[in-house]
Amino acid sequence: MIRSELIQKIADEHPDLSQREVERIVNTIFEEVIEAMARGDRVELRGFGAFSVKHREARTGRNPRTGEAVDVDEKHVPFFKTGKLLRERLNGA
Amino acid sequence: MSEKTLTRMDLSEAVFREVGLSRNESSQMVESVLAHMSDALVRGEQVKISSFGTFSVRDKAARVGRNPKTGEEVPIHPRRVLTFRPSHLMKDRVAAGNRSGK
């Protein structure tokens with residue numbers, strides 16, 4: 001399923017809303033999650049999962065091709081943990 | 001870092017603010033989005049949201065695990081797990097927003 005299919009499914013369920021409106025709604029939701037993580041906040045959606053930001057320390061990595069040592073700066077990366085209900089549903093509960 | 005936790009309420013508040021639906025409709029839309037994504041994943045489909053990220057379902061094989069406290073061997077059954085791969089855009093924005101010294 002891709003973004004446009006998700007929008008279509010929701011639009012089909014809500015004939016009172018235009019396709020454009022549904023598009024704005026869906027985009028707003030995803031945008032809000034990214035903005036929260038960019039501020040360092042968590043987004044916890046019970047039953048679905050939680051988005052959070054993980055800190056990675058600076059380290060000395062290696063170029064796997066040449067074996068050369070390279071400094072990797074510390075960074076923050078997005079992380080998603082699946083919620084309990086969804087995890088159970090994936091396994092047929 | 002602020003370290004707040006947002007919930008469904010904050011997302012529906014954003015829909016209310018940005019799109020102008022009622023609070024009730026806004027929260028229904030958030031539910032609807034999560035429900036459709038979950039249903040697709042439960043059917044085994046990949047959910048690919050451009051400029052956000054990709055959720056995929058992977059099959060894990062059975063293996064023998066160990067209770068770390070007792071050392072006892074326990075069978076771990078085959079199971080399906082969900083993985084999320086953030087888009088480049090998400091990674092870049094999260095990295096930029098959390099850069100130290102900000």
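Being a predicted model, the structure only gives us computed values, none of them experimental. So that the names make sense, note that chain A is the first sequence line, chain B the second, and so on, each numbered from 1.
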Point to revise | Heavy-atom pair with the smallest gap, counting every atom of B:Arg80 and A:Leu90 | key: NE-O, 2.9 Å

Check your understanding: Once the angle between the rings of B:Phe55 and A:Phe80 is folded into 0 to 90°, is it parallel (under 30°), tilted (30 to 60°) or perpendicular (over 60°)?
Key -> perpendicular

Practice item. Measure distances from B:Ala40 to the heavy atoms of chain A and classify the residue's part below 4.5 Å as side chain, backbone, both or neither. Key: side chain

Check your understanding: Salt bridge or not for B:Arg79 and A:Glu88, using N-O below 4.0 Å?
Key -> no

Exercise for review: Using only heavy-atom distances, determine whether the side chains of B:Ser51 and A:Arg3 contain a donor-acceptor pair under 3.5 Å.
Suggested key: yes

**Study point:** Closest contact, heavy atoms only, A:Ala36 versus B:Leu6
**Key:** CB-CD2, 3.8 Å

Practice item. Run the numbers on A:Leu45 and B:Leu11 for side-chain contact (heavy atoms from CB on, under 4.5 Å), then give the verdict. Key: CA-CA 10 Å; A:Leu45 305 166; B:Leu11 299 187; 3.7 Å; yes

Check your understanding: Which one, A:Lys81, A:Glu5, A:Glu31, leads in non-hydrogen pairs under 4.5 Å with chain B?
Key -> A:Glu31

Revision key, fill the gap. Smallest heavy-atom separation, B:Ser38 atom then A:Leu86 atom, equals CB-CD1, 3.9 Å

Exercise for review: Identify which of A:Met37, A:Arg89, A:Glu32 forms the greatest number of heavy-atom pairs closer than 4.5 Å to chain B.
Suggested key: A:Arg89

Exercise for review: Give the intermediate values and the outcome of side-chain contact (heavy atoms from CB on, under 4.5 Å) for residues A:Thr82 and B:Val81.
Suggested key: CA-CA 8 Å; A:Thr82 311; B:Val81 297; over 6 Å; no

Check your understanding: Out of curiosity, B:Ser50 OG to A:Phe30 CZ, how far, rounded to the nearest 0.5 Å?
Key -> 9.0 Å

Review point. At a heavy-atom separation under 4.5 Å, does A:His14 approach chain B through its side chain, its backbone, both, or neither?
Key: side chain

Exercise for review: Could you look at B:Asp92 and say if it's the side chain, the backbone, both or neither that has a heavy atom under 4.5 Å from chain A?
Suggested key: neither

Check your understanding: Within a strict 4.5 Å, meaning less than it, do heavy atoms of the B:Lys48 and A:Met1 side chains meet?
Key -> no

Review point. Hey, quick one: are B:Phe84 and B:Leu82 part of the same hydrophobic cluster, counting side-chain heavy atoms closer than 4.5 Å, chains of contacts allowed?
Key: yes

Point to revise | 4.5 Å side-chain heavy-atom contact, B:Arg93 and A:Glu35 | key: yes

Practice item. Return the option, out of B:Ala95, B:Ser32, B:Ser26, B:Ala35, with the maximum number of heavy-atom pairs under 4.5 Å with chain A. Key: B:Ser32

Exercise for review: Would you mind telling me which of B:Ala14, B:Ser12, B:Gly53 has the largest number of heavy-atom pairs within less than 4.5 Å of chain A?
Suggested key: B:Ala14

**Study point:** Region of A:Asp16 that comes under 4.5 Å of a non-hydrogen atom in chain B
**Key:** side chain

**Study point:** Side chain / backbone / both / neither for A:Phe79 at chain B, heavy atoms under 4.5 Å
**Key:** neither

Exercise for review: Looking only at non-hydrogen atoms, find the nearest pair between A:Ile10 and B:Met29 and report the distance.
Suggested key: CG2-CE, 3.3 Å

**Study point:** Residue pair A:Ile34 / B:Met90: nearest heavy atoms and the distance that separates them
**Key:** CG1-CE, 4.0 Å

Check your understanding: Does A:Arg24 reach the main-chain N or O of B:Glu18 with its side chain, forming a donor-acceptor pair under 3.5 Å?
Key -> yes

Check your understanding: With no hydrogens and no angle check, do the side chains of B:His36 and A:Glu13 hold a donor and an acceptor under 3.5 Å apart?
Key -> yes

Check your understanding: Which atoms of A:Leu17 come close to chain B, meaning under 4.5 Å heavy atom to heavy atom: side chain ones, backbone ones, both, or neither?
Key -> side chain

Review point. Can you tell me if A:His76 uses its side chain to pair, donor with acceptor, with the backbone of B:Val94 under 3.5 Å?
Key: no

Check your understanding: Counting heavy atoms not belonging to A:Arg59, are there more than 12 under 6.0 Å from its CZ?
Key -> no

Review point. Please walk me through it: do A:Val26 and B:Val33 pass side-chain contact (heavy atoms from CB on, under 4.5 Å)?
Key: CA-CA 7 Å; A:Val26 170; B:Val33 166; 4.0 Å; yes

Study note, to complete from the structure: Of A:Ile7, A:Asp73, A:Val77, A:Val33, the largest count of non-hydrogen pairs under 4.5 angstrom with chain B goes to A:Val33

Practice item. Find out whether B:Ile49 and A:Leu6 are in side-chain contact, i.e. whether some heavy atom of one side chain is under 4.5 Å from a heavy atom of the other. Key: yes

Exercise for review: Would you mind reporting whether B:Lys4 and A:Arg42 have side-chain heavy atoms less than 4.5 Å apart?
Suggested key: no

Study note, to complete from the structure: Rounding to 0.5 Å, atoms CG (B:Asp39) and NZ (A:Lys9) come to a distance of 8.0 Å

Review point. Roughly how far, to the nearest 0.5 Å, is the CG atom of B:Asn98 from the NZ atom of A:Lys54?
Key: 14.0 Å

Check your understanding: Do A:Ile2 and B:Leu41 sit in the same hydrophobic cluster, where Ile, Leu, Val, Met, Phe, Trp and Tyr count as joined when their side-chain heavy atoms come under 4.5 Å apart?
Key -> no

Check your understanding: Which bit of B:Val42 is near chain A, if near means a heavy-atom gap under 4.5 Å: side chain, backbone, both or neither?
Key -> both

Check your understanding: In terms of heavy-atom proximity below 4.5 Å to chain A, should B:Arg17 be classed as side chain, backbone, both, or neither?
Key -> side chain

Check your understanding: Hey, are the side chains of B:Val15 and A:Ile29 touching, using non-hydrogen atoms and a 4.5 Å cut-off?
Key -> yes

Review point. Top residue by heavy-atom pair count (under 4.5 Å) with chain A, among B:Val47, B:Leu21, B:Leu89?
Key: B:Val47

